[in-house]
Structure formats: C-alpha cells, structure tokens
Amino acid sequence: MSSSSNPSSTATLAPPVGEQSTQQPQQPQTQPPAEQSNTTPTPSSPKSPRTNRAISISAPHYHDHNTVHHPLGRIPTGASRHSTNNAEGTGEPLGRTITSGTTASRRHAPDLAFPYLTTDISRGGITDEYRTETRQGFIPMDDPDNGLRPVQSRLSTLHGDRFVLHDTEKGAEALKNKKLVTWLENDPENPRNWSNFRRWLITAIVSCGVIQVALSSAIVTGDFKDQEEYFGVSSEVIALTVTLTVCGFGTGPLLWSPLSELLGRRLLWAIPTFVYIIFNIPCALAPNIGCLLASRFICGFFGSAPLTLAGGTIADIWGPEERGFAIAIFAAAPYTGPVIGPLIGGYIGKYAGWRWLYWVNMISAGVVWAASLFIPETFAPALLKKRAKKYRQDFCDDSYVTEQELFRKPLNEIVIETLIRPFEMLVTEPILLLMSLYISLVYGLLYAFFFAFPVVFGEDYGWDDAKTGLTFIPVFFGVGLALFVTPWLEKKYTAKGDQVTPEDRLPGMLIGGPFVPISLFIFGWTAPPYVAPGGGSWVGPCSAGIPFGFGMVLVYFSANAYLIEAFPDYVASALAAKTVVRSAAGAAMPLFISIMFRHIGNGPAASILGAAAIIMALIPFGFAKYGASIRARSKRAAI
C-alpha cells in the first residue's frame, strides 16, 4: 500500500469507491485509496505493521449493493474462510481482510467504545463499524463480518425480534442504501493507529487522573483529629468526609457515562474535573462542618468523571491484543490513589495543618487537569460521526451514517438505561449481583484499612499520623507484584483466540482471591494485644498490606473483565451497577470500622472481615464450574 493511499485528514477524503457525487465539492479531492494504486498486490501473506501477523489477501465480497468493500479487521487469520485462489483471473482489485472462522461461529469481543447507553441495540443490534478499517471508508449495513448483527441474548427473543434487518418489509428496505462510515486502511485519525509514544502518553495522563481523584477520597484521613477539634464533631461525623466523596464516585458515572457517548470524551475530561478542582476551595476554607461535607460530595460527583472515562479512553487507543499492560495499570490506579492519600496526608496534616490537605489536593488535581487538556478526542463513534457529517456535506449524499445516528435512543430510554436497568439487572442477574458484591467487599476493605490502621498503629503502637501513613507502603509492593501477573493473565486469555468463554477471565480471581482473607488474618492476629508492641512487632500487621494489595488488584482486574465478557451487549449497565454497589461499600466502611476494632478487638474484627472474604472468594470457583449453565438461563448474559 503506497503512502498516498493514507490521507492525512478527512478534509482530503473522496467519495467512497463506487459512489458518484451529485455535486462536485468546492475543494479539490484526492482519489479514493483503492483507486490510487495501479499495481495489483501479490497474493503473498504480508505482515501487519501493527501486530506483525499475517494478513490474508482475498477477493472482495459482493452484496446486493452496487459497491464493493474490503474490510480490514483486527482478528488473527487462523482458519480464514477466504482463499487467494478466488481472486485469480478475475481482473478485480484484491481486498485486505483479517478474519477468522465463519460468520456463524465468529466470536465478537465486547467493545468498550461502543455507545451502548445511547444506541437502540434492540433494533440496530451491534456493529464493528467503529473498529473496522476498509479501503473505501464504509461498509453496507448487512456486511456479514462487521455490519449490523442482532443482540445475542435470550432477552432479544423473549421480547420479540425487533432487529431492523429482520424486518424485510420496512427496516431492511429503508436501510438498504445506507452506508456505515468506517476508518480507512491505516487511517492516521484512528486512535489505535497513533504512535506508541502518543498512546502511552495518553495512558499515563489518564492513569494519573484516576490516581489523583482516588487519592482525594483518602488524603483527608491524614489529619482527622484536628478537623474533629476545629468543627467540634465526633470521629464518625468527620468520617463522612470520606463517605460522601465515595458516594459521589458512585452517582457521578450515572451522568457522565451517557454524556460521554453523546458528546465525546474530550469535553468531559475538561469540564467536570474543573468543577471538581474549584470545589476544593470551600473544603479548604469551610467555616462549618455542613459546608465541608456538602463540598466533599460535590467534589466526588464531579471528580468521578476521570474514573468513568479512563477505561474507555484506554480501550479507544489500544486494541485487545495490545492493551495488556495498559489495562493492568488502569486496574491498579483506582486502588493506588487511596493508598497514596494517607501516606502523604499524614505529613501534610502534621507539618502544615488540615486545611492544606485540601489545598494540596486541589493543586495536584490542577496539574493533572492541565495535562488532560492535551488529550485529543479518542471516542471512535464521535470521530466517525463527524466524518459521516463531512461526507454528507461534501458529497451531497445522505447515505453516509453511523449506527449511533440511525438508532439513537430517545432521552426517556437513555434515562431508563442509565438509572433503572443497572438495578434491574442486579436483581435478575446472579452473575452481576455476586460479582458486584465481591468487588464491593474488596473495595470496601481498602477503605476499612484507612480506619483500622490508625486504631492499630496510632492507638496501640502510639504512632502519629505521619508515621501511620507509612504503613500503607507495603500495599504498593502488593500492587506492584500484581502488575507483573495481570499482563500474563491477559496473554493467556488472548492466546485462546475464538475458543474463549467468559469463564476464562476467572483465573485472576482464583489466584488473587485467597490472598485477601490471608491479609486480614495476618493483620488482626499479629497486632496488639496478641503481639506486644515494641521492637519489630509492627512488621506483622504492616506486612499484611502486601498480600492485600496483590489480591485486591487481581480480583478487580479479573472480575471487571468477567462482567464485560459475560454481558457483552449490556456492558454499560453491568459496569454501572457494579460501580454503584462498589461505591456503596466503600462509603459504608468508614462509618463503623473504627468502632468495630475498638470494641471487639483487632483479631476478632479482622476475622469477621476475613470470614466474609473467604465466602466471597468461593464465588469465582462456583462460576468457573457453573457459569456457562447460569448464563444459558440468563436473559442478558452472553450465550
């Protein structure tokens, strides 16, 4: 493929191959990529420049349209259903496609960048439009590889078949001339074709954004005593500064998720985070406890935007075969931030005063926000919608569309999808409920440590807040160990190709789950009074952070991936439900953990939590054995 076949911007794109413009554009247009080369590719097997995998050369597909398309997917060839011999002697241009298996058996991996919340998938189904690269920049609606396909769940049949292409009288006839706009081959505007440096830079900024916001929830624990004295409230009331922030983390995504699908990601990286930064000011200057608590909730609500956008942004720029380490970093980020909070908060509170906890948080948020302004738009539906609009204007042809434009949900259905369906699924889908409970326990235990550590190290060992904050360092070691394991898990998963099932995502939980209760028993029974304070006795409870950090990241990474694979056509609702339940647990733990450890003792308190962790650790073992049969009876799970 010559370099001239890769236009640098949509402003130079010509009408797709086979289309005639009814009005010549005012600006000169380049020839379509497929028409620029006068040479015919040889039927060898070249290597993909991005994945170093063989690309099959084949004759183009033909449909009941006057166009020919040459899809460029990103699935390994394996047993390709095309043959180079099919094109011999035809005198027609050869297409490039990466495909595997047959249309009937081909497995379509969940796409985190698909606009599930704002697209009526019951009518439009799912498409690979946003990930496909084609020579002419579009595919017909009924393309067998990447076009519209019905939702694969029992719910679609229980409520009747509404898939538009199955409606031969109205739907298919009305859409037969529509073309789904795709990326061009090696399209420079496709975020997944950007340079590795650019994509890693975006990944770093995104991860820092998540860490910073997560840090804000726990940095205040560095100096609770002075805040209690200043406002004249109990420790339970001041703990609400953590609880309400985490509540904001749970409710904010219900707004930011659908908005990001409608407006794109770039705008939401900028505006909500700026509001979050501003509301740190009333936190630092709060004259009363009411002002502080209200401002903390608002900070959590608007600060949840980076938590909502980060995973999707990483999925936008990295393909499934590339994102192993990037997604591992993202999985660790929400848990790394809260650990940093008390580590630095203790020293800030000790040497600068409690108000500086909020000033430092605002400054760090401002730095990350400034960096996030350089993140370009990465959301493929938003980028391709803009391109489709340009096609329609330049070529005076309304047939160029994206699926989101054709099947956009009305506002009332978006509200139902965002606010009602996640909770409906929690009640009706046992996989979602149990996995959400497991994730919520692990997330809640992280916040439980923020209040249990001060009891053990502050009250039993007599350490100040600054020194107590240092006891969270072992958690970092555990998180670091997990970062070496998660890419290996991802590699083992992708190596199975089209034969994988959602249950193949469970090994991370099977490995990491037992480490969580182990850490709790170590923490509780190596602390005073069972081991007398003095000398190096602090090593026991302090070292509990290593297995906890390790197990925490593996459980979250694996459980999150399992939910995505188990509910591929309802990903947004499943993740929203998980986020709400997880945040509820994180918000509840600070309200009773300190009292629990003081009244029943370190060992018994940790044992109760450990027993709950043991019960939860059995869940993935159950799904590994019975998950497939449970999904078969589910309305919305993958079948």
Side-chain angles (χ1 to χ4, degrees), residues 7 10-26 29-35 59-73 92-93 95-97 103 108 114-115 118-151 161-185 187 380-410:
T10 55
T12 62
L13 296 176
V17 177
E19 296 298 318
Q20 298 297 326
S21 174
T22 58
Q23 174 182 332
Q24 292 297 327
Q26 297 179 358
Q29 303 289 322
T30 63
Q31 291 299 315
E35 296 180 356
H61 293 289
Y62 287 91
H63 304 278
D64 295 332
H65 305 277
N66 295 322
T67 59
V68 178
H69 74 284
H70 313 267
L72 172 61
E92 295 165 348
R96 296 171 69 230
T97 181
T103 303
H108 293 272
F114 189 90
T118 56
T119 302
D120 186 357
I121 60 175
S122 65
R123 291 193 65 243
I126 306 295
T127 175
D128 290 333
E129 167 197 11
Y130 307 116
R131 291 297 168 230
T132 300
E133 292 184 342
T134 60
R135 179 170 295 178
Q136 63 277 23
F138 76 91
I139 55 175
M141 305 288 286
D142 60 350
D143 177 76
D145 289 319
N146 303 299
L148 301 182
R149 62 183 183 274
V151 173
D161 186 1
R162 298 182 64 226
F163 183 52
V164 65
L165 294 185
H166 291 171
D167 184 1
T168 56
E169 294 183 1
K170 298 180 181 179
E173 181 67 22
L175 298 175
K176 68 177 182 179
N177 293 323
K178 295 293 185 181
K179 310 173 190 67
L180 297 176
V181 175
T182 67
W183 301 111
L184 292 169
E185 291 181 358
D187 199 319
L383 294 170
L384 290 178
K385 182 164 60 176
K386 182 179 179 180
R387 178 174 291 189
K389 181 179 180 181
K390 181 172 179 58
Y391 278 163
R392 294 194 293 267
Q393 292 175 346
D394 288 352
F395 312 138
C396 297
D397 187 346
D398 290 336
S399 64
Y400 300 108
V401 294
T402 64
E403 185 191 7
Q404 188 185 35
E405 291 178 296
L406 279 179
F407 302 103
R408 178 172 166 179
K409 286 182 180 177

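Residue numbers run from 1 in the order of the sequence given. Please read these numbers as outputs of a predicted model, since none were measured by experiment.
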Quiz item: In Å and rounded to the nearest 0.5 Å, what is the CZ to CG distance from Arg131 to Leu384?
Solution: 8.5 Å
Self-check item: Nearest atoms (heavy-atom pairs only) where Tyr130 meets Gln404
Solution: OH-N, 3.2 Å
Exercise. Would you give the length of the straight line joining atom CD of Glu133 to atom CG of Leu184, rounded to the nearest 0.5 angstrom?
Key: 8.5 Å
Quiz item: Quick one: does Arg392's side chain have a donor or acceptor within less than 3.5 Å of a partner on Tyr400's backbone?
Solution: yes
Quiz prompt | Heavy-atom check, side chain of Phe114 versus side chain of Thr127, under 4.5 Å | solution = yes
Quiz item: Hey, what do you get for CG (Leu148) to CD1 (Ile139), rounding to the nearest 0.5 Å?
Solution: 7.5 Å
Quiz prompt | Shortest non-hydrogen contact from Glu403 toward Leu180 | solution = N-CD2, 3.8 Å
Practice problem: Could you tell me whether a side-chain N or O of Thr134 sits under 3.5 Å from a main-chain N or O of Glu185, the two making a donor and an acceptor? | Solution: no
Quiz item: Which distance, rounded to the nearest 0.5 Å, do you find between the CG of Asp120 and the CZ of Arg408?
Solution: 12.5 Å
Exercise. Look up atom OG1 in Thr132 and atom CG in Asp143, then write down how far apart they are to the nearest 0.5 Å.
Key: 7.5 Å
Exercise. Enter the distance from Phe138:CZ to Glu129:CD here, rounded to the nearest 0.5 Å.
Key: 12.5 Å
Exercise. Check whether any side-chain heavy atom of Glu405 sits under 4.5 Å from a side-chain heavy atom of Val181, and report yes or no.
Key: no
